[in-house]
Amino acid sequence: MATQHLKLPIEGGKFYHIYKSASIGDHIFFTPGNYAFFLRKMDLIIGDMVDLMAFCLLPNHFHLFFRAREVITIKEEYVDHPVEIGHFIGEGLRKLFAVYSANLTKQEGIADPLLDNNFSRIFIPNDDIARQMIVYIHQNSQFHNVTDNFTNYPHSSYPLMMGKHKTLIDKDSIMTLFADMQTFIDLHQQPTDWGSLHEYLIES
């Protein structure tokens, strides 16, 4: 894990790929309830600060992809400075990890937190790479042989995109990248050269 991945500042208005694995042991998620709890808390803690565009939660690590918002509200005060927004998002992510770890420690009887405060992030510079990152994250469960069909993997945002109900992902923002749903589906079904994305990927 490269040092710059841990120290890169988040700034408002930009795309980021976030990666996190367990600080101890092999697993972060043990039961379906763990996945659901994590997503609920994520939406509650950072949902008003980012446009979440993709996620994939695997038993031993997870990927998030979002665009940091250009304006957020903190304690009824508007914040529009990119660096300040990034600070609050970073603090929100650390709070999410702490809350999830505390719940898991209590539930599973694990003595030490499974998630520390650090997390890897990479700035995604343009819409083209952003589209590829969304596809990569959605296909991650199949890439790691967790499932033989990523479209049915329940702990990913791909099935949420197929539904018609409002969810924690920002479908409107995603559609600005893919133009329409058929394009979204077609790009996910095409063979992908992950080598071209090498510098934007984070895996332990």
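Side chains are part of it too, since the values below use all heavy atoms of this structure and drop only hydrogens, waters and symmetry mates.
Gly92 and Ile45 make their closest contact through O-CG2, 3.3 Å (heavy atoms, listed as atom of the first residue, atom of the second, distance). For Phe38 against Leu96, the heavy-atom pair with the smallest separation is CZ-CD2, 3.7 Å. Between Ile89 and Ala68 the shortest heavy-atom distance is CD1-CB, 3.5 Å.
Ile174 and Met162 end up in the same hydrophobic cluster when Ile, Leu, Val, Met, Phe, Trp and Tyr side chains are linked at under 4.5 Å. Each of Ile46 and Leu44 belongs to its own hydrophobic cluster when Ile, Leu, Val, Met, Phe, Trp and Tyr are linked at side-chain heavy-atom distances under 4.5 angstrom.
In this view, Asp172 satisfies the side chain to side chain donor-acceptor pair (under 3.5 Å) rule with no residue, not counting sequence neighbours. Legend: residues meeting side-chain contact (heavy atoms from CB on, under 4.5 Å) with Leu197, ordered by chain and number and at least two apart, are Ile129, Gln132, Met133, Tyr136, Trp194, Tyr200, Leu201. Remark: Gln182 pairs with Asp186 by the side chain to side chain donor-acceptor pair (under 3.5 Å) rule, at least two apart or across chains. The ring-ring contact (aromatic ring centres under 6.0 Å, His included) search around Tyr153 returns His155, not counting sequence neighbours. Applying the salt bridge (charged side-chain N to carboxylate O under 4.0 Å, His left out) rule to Glu70 yields no partners; only residues at least two apart in sequence or on another chain are considered. The salt bridge (charged side-chain N to carboxylate O under 4.0 Å, His left out) test applied to Asp51 returns Arg67, Arg69, not counting sequence neighbours. Scanning for ring-ring contact (aromatic ring centres under 6.0 Å, His included) contacts around Tyr158 gives His138, Phe150, Phe184, His188, with sequence neighbours left out. Listed by chain and number, the residues in a salt bridge (charged side-chain N to carboxylate O under 4.0 Å, His left out) with Lys14 are Glu11 (sequence neighbours excluded). Listed by chain and residue number, nothing satisfies the side-chain contact (heavy atoms from CB on, under 4.5 Å) test with Thr176 (two or more places apart in sequence, or in another chain).
Screening Phe119, Tyr16, Phe55, Tyr19 for a ring-ring contact (aromatic ring centres under 6.0 Å, His included) with His63, the sole residue that qualifies is Tyr19. Partner of Phe37 under the side-chain contact (heavy atoms from CB on, under 4.5 Å) criterion, chosen from Val99, Thr31, Leu104: Val99. Among Met42, Arg121, His17, the single residue meeting the side-chain contact (heavy atoms from CB on, under 4.5 Å) criterion with Leu64 is Met42. The side-chain contact (heavy atoms from CB on, under 4.5 Å) test with Phe15 singles out one residue from Phe65, Phe66, Phe123, and that residue is Phe65.
Asn103 places no side-chain N or O within donor-acceptor distance of the main-chain N or O of Tyr100, the cut-off being under 3.5 Å. Proximity of a side-chain donor or acceptor of Lys171 to a complementary backbone N or O of Gly163 within less than 3.5 Å is detected. In this structure a side-chain-to-backbone donor-acceptor pair under 3.5 Å is missing from Thr183 to Ala179. Here the side chain of Ser157 pairs no donor or acceptor atom with the backbone of Leu160 at under 3.5 angstrom. Judged by distance alone, the side chain of Asp43 and the main-chain N or O of Leu39 form no donor-acceptor pair under 3.5 Å.
A heavy-atom distance below 4.5 Å is not found between the side chains of Val79 and Thr73. Contact of the Leu187 side chain with the Gln190 side chain is registered, since non-hydrogen atoms from C-beta on lie closer than 4.5 Å. Side-chain contact between Leu177 and Met53 is present, with at least one heavy-atom pair separated by less than 4.5 Å. Between Thr151 and Gln142, the closest side-chain pair of non-hydrogen atoms is not below 4.5 Å. Residues Ser141 and Cys56 form a side-chain contact, since some pair of their non-hydrogen atoms from C-beta on lies under 4.5 Å apart. Within the 4.5 Å cutoff, no side-chain heavy atoms of Ile28 are placed close to those of Asn60.
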> Given the rule in the side chain to side chain contact (heavy atoms under 4.5 Å, CB included) test, do Met49 and Ile74 qualify, once you have shown the distances and angles that lead to the verdict?
Replying inline: CA-CA 9 Å; Met49 295 189 282; Ile74 301 295; 4.3 Å; yes
>> Applying side chain to side chain donor-acceptor pair (under 3.5 Å) to Asn149 and Thr147, what does each step give before you reach the verdict?
In response: CA-CA 5 Å; Asn149 184 353; Thr147 179; over 6 Å; no
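A salt bridge (Lys or Arg N to Asp or Glu O under 4.0 Å) check over residues 130-159, counting only residues at least two apart or in different chains, returns the pairs Asp128-Arg131. The stretch residues 80-90 participates, sequence neighbours left out, in no side-chain hydrogen bond (donor to acceptor under 3.5 Å, both in side chains) pair at all.
If you chain together ILVMFWY residues whose side-chain heavy atoms come under 4.5 Å of each other, Tyr78 ends up grouped with Val71.
Under 3.5 Å, the side chains of Asn140 and His61 contain a donor-acceptor pair of N or O atoms.
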